[in-house]
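Below: one structure, written as structure tokens.
Numbering starts at 1 and runs along the sequence shown. Order of appearance sets the numbers: ligands from 1, and atoms from 1 within every ligand. None of the values given here were measured: they were computed from a predicted structure.
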Amino acid sequence: MKNRADCRETDDGSYVITGGRPLYGEVEIMSAKNSLLPLIACSVMTEGEVFLSRCEPTSDAENMLGILRSLGGICRFENGGIYIDGRPISGCEVGCGPAGKLRSSVFILGPLIARLRRAEICYPGGCEIGPRPIDLHISGLRALGADVREDGGRVLCDGRNLRGGRVELPFPSVGATENLMMAAARAPGHTVILGAAAEPEIADLQNFINACGGKVRGAGSRRIEVDGVSSLHGASFDPSGDRIAAGTYLIAGAMCGGEVTVRGVDSSHLCRLTEKLRAAGARVTERTDGVTVSGDGELHSPGKVETGPYPGFPTDLQSPVTALCACAKGTSYIIENLFENRFRAAQQLIKMGADITVCGRAATVRGRRLYGADVKAEDLRGGAALVLAALEAEGRSVVSGLSHIRRGYYDFAGRLASLGADITVCNKIT
Ligand code: UD1
């Protein structure tokens, strides 16, 4: 019986999963993808070498580094982290190829304007989870004095008049808050961002900018203040552990039964999830640097799960938790308040026997026994949800569409196999 993924994952490959095995063991959680992406972009603004620790080459991280390289930056994975030297960067244009590969390419706008006072990028790509406008990024940068124009799928920014200012975000957009913090970090004067996002990744960005000599405060609250400095130096920085990856492994542990521990993540970042896991009947033990979930896999509905900006239930764990509800006794209600297409995985879960009715932003999930099927990941977290369902389901499943999953989970099959899952990677023979 195979208990290790036996070949390297590729975008064209599939996971072959035979469900029904309990999971036992520990997963070491690495730096949060959603912290790393803005931190990589922010490195453009520094005059020195940056080291970001505990990093894995997920495809989103690789693509973000690809953008930096296309601008002249020097980046390499080494010593378990990423070294970035942004000093040689002189380019300010990000073409449609690199920008289209990930939504987070938009993070380069703020740093490029701050450093070179000019930026031109194609509209960002990313997950198919509904319209992802960048109007808040653009209006915020304008409030800081940047002249921003949109022209045929490109965003053109002239930052010669960049200066501190007051921005009031009508919605606490994570990306817009981050872009504005970065632009303001090197804009002369004082900036106040009101209605800011409060996710832990915002605190990471604040701490990184400050480690590089910047002056940012207020992360974690709705009011962030920045005093612009004329230059930033390099720094070595340890971002927070990935709360979404950690949450995914915990949900897998609760669904399959056994005992799974995630280490290297702040348990307080996971409290909305652990509350739901307990409500579903799993045992949860929290420590400062990790969480353990255990049980026999016999779950009942956690009731209502409603996503919201931090400290609300994370939208990125909505699909994985929907998979849990699909096999938990009773009826669960899921309300998605952030991204309207985030129920795409439901159609695929239905192929596995799930009873899910989606109506706009709400889904009703009646727990059933799931069975194996051939399913396709259509977005990152929805793809993870399919893998979790397949681990729990009776029989064999094939999950394709790994390009989506590999954006945010590195060696997903290997880690699950090390917990005892029967999962192998099947690559397409070309
Ligand atoms: C980030 C995360 C993503 C997570 C999301 C919400 C990264 C790399 N990605 O995405 O994993 O799901 O936060 O926690 O950190 N909006 C606008 N106009 C804008 C910007 C956003 O209308 O200019 C809307 C979006 O369409 C969405 C909502 O605001 O409905 C939240 O988006 P936002 O917080 O910006 O998410 P991202 O930064 O894209």
Ligand-residue contact atoms, ligand 1 with H137, heavy atoms, under 4.0 Å: 23 (O)
Enumerated ligand 1 atoms positioned under 4.0 Å from heavy atoms of L338: 6 (C), 27 (C), 30 (O), 31 (C)
Does R103 reach ligand 1 with a nitrogen or oxygen that is under 3.5 Å from one of the ligand's nitrogen or oxygen atoms? yes
Residues 31-48 vs salt bridge (charged side-chain N to carboxylate O under 4.0 Å, His left out), sequence neighbours excluded, gives K33-D60, E47-R186
Please determine whether a side-chain nitrogen of the Lys or Arg among R278 and E286 lies less than 4.0 Å from a carboxylate oxygen of the Asp or Glu. yes
Pick from N179, I134, V174, D135: the one approaching atom 13 (O) of ligand 1 most closely through a non-hydrogen atom: V174
Ion pair check, E26 and R263, cut-off under 4.0 Å: yes
In terms of its nearest heavy atom to atom 20 (C) of ligand 1, the top option of A176, P314, P133 is P133
Flag for E336-T307: side-chain donor and acceptor within less than 3.5 Å: yes
Which atoms of ligand 1 sit under 4.0 Å from any heavy atom of T315? 6 (C), 12 (O), 14 (O)
Could you tell me which atoms of ligand 1, counted from 1 in the order shown, lie closer than 4.0 angstrom to a heavy atom of S104? 8 (C)
Counting only heavy atoms closer than 4.0 Å, does ligand 1 sit against the backbone of Y310, its side chain, both, or neither? neither
Under 4.0 Å between a Lys/Arg side-chain N and an Asp/Glu carboxylate O for D227 and K215? no
Give yes or no for whether the N/O distance cutoff of 3.5 Å, strictly under, is met between D316 and ligand 1. yes
At under 4.0 Å between heavy atoms, is it the side chain or the backbone of R342 that contacts ligand 1, or both, or neither? side chain
Any disulfide bond (SG atoms under 2.5 Å apart) pairs touching residues 57-103, not counting sequence neighbours? C96-C122
Salt-bridge present (E340, R342; N to O < 4.0 Å): no
Do H269 and S240 make a side-chain contact, defined as non-hydrogen atoms from C-beta onward lying under 4.5 Å apart? yes
Should F339 be counted as touching ligand 1, given the test is an N or O pair under 3.5 Å? no
Please determine if G175 has a nitrogen or oxygen closer than 3.5 Å to a nitrogen or oxygen of ligand 1. yes
